[in-house]
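Worksheet: the structure to be examined is printed underneath.
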Amino acid sequence: MTPSFLPEVIGFCAGLCSMVSFTPQLIKTWREQDARSISLRMYVVTVTGFGLWVTYGVMIGSLPVMLTNSVCLILSALILALKWRFSRPDHVARRKSVGEAVGAGTAGH
């Protein structure tokens with residue numbers, strides 16, 4: 001016989017794993033200010049999926065589903081926003097000009 005709180009604990013643990021899985025990508029993208037390797041389609045689907053999970057969690061009244069998927073929605077939406085921000089032509093042009101300036105200064109080394 002399983003204790004009544006066990007499914008809630010398992011739900012929160014599963015959600016925690018999902019939340020933690022987004023943080024390395026978010027940190028890497030922010031530090032490098034480069035999102036070329038991020039799939040736009042994949043993150044659009046991911047954000048949509050988490051939005052639906054939050055809606056489902058509200059409909060069934062499940063706190064683990066609502067809370068953990070809300071955090072995952074925010075984290076994946078941030079990654080999607082960084083993909084958009086760092087893919088804009090003005091940012092790409094700025095990144096290329098900085099790279100050329102750095103490369104020009106190290107040619108004699």
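The chain is numbered in sequence order, starting from 1.
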So [Y] and [X], do their side chains get closer than 4.5 Å, heavy atoms only?
X   : Y   : value
N69 : L73 : no
L40 : L80 : yes
I10 : L6  : yes

Partner residues of W84 under the side-chain contact (heavy atoms from CB on, under 4.5 Å) criterion, sequence neighbours left out = R88
List for me each residue that meets side-chain contact (heavy atoms from CB on, under 4.5 Å) alongside I74, sequence neighbours excluded, and say none if there are none.
-> L78
Taking all atoms of both residues into account, what is the closest heavy-atom pair of [X] and [Y], and its distance?
X   : Y   : result
K83 : R36 : NZ-O, 3.8 Å
M19 : L75 : O-CD1, 3.4 Å
V47 : S76 : CG2-OG, 3.5 Å

Please list all pairs passing the side-chain hydrogen bond (donor to acceptor under 3.5 Å, both in side chains) test where one or both residues lie in residues 17-28, with sequence neighbours left out.
-> Q25-T29, K28-E32
Would you mind listing every side-chain hydrogen bond (donor to acceptor under 3.5 Å, both in side chains) that reaches into residues 41-58, with sequence neighbours excluded?
-> none
What orientation do W30 and F86 show, parallel under 30°, tilted 30 to 60°, or perpendicular over 60°?
-> tilted
Side chain to side chain donor-acceptor pair (under 3.5 Å) filter on S70, not counting sequence neighbours, yields none
Are L82 and V45 linked, directly or through other ILVMFWY residues, by side chains that come within less than 4.5 angstrom of each other?
-> no
Are L52 and L67 connected in a single hydrophobic cluster, I mean Ile/Leu/Val/Met/Phe/Trp/Tyr linked by side-chain heavy atoms less than 4.5 Å apart?
-> no
ring-ring contact (aromatic ring centres under 6.0 Å, His included): pairs with one or both residues in residues 58-82, sequence neighbours excluded | none
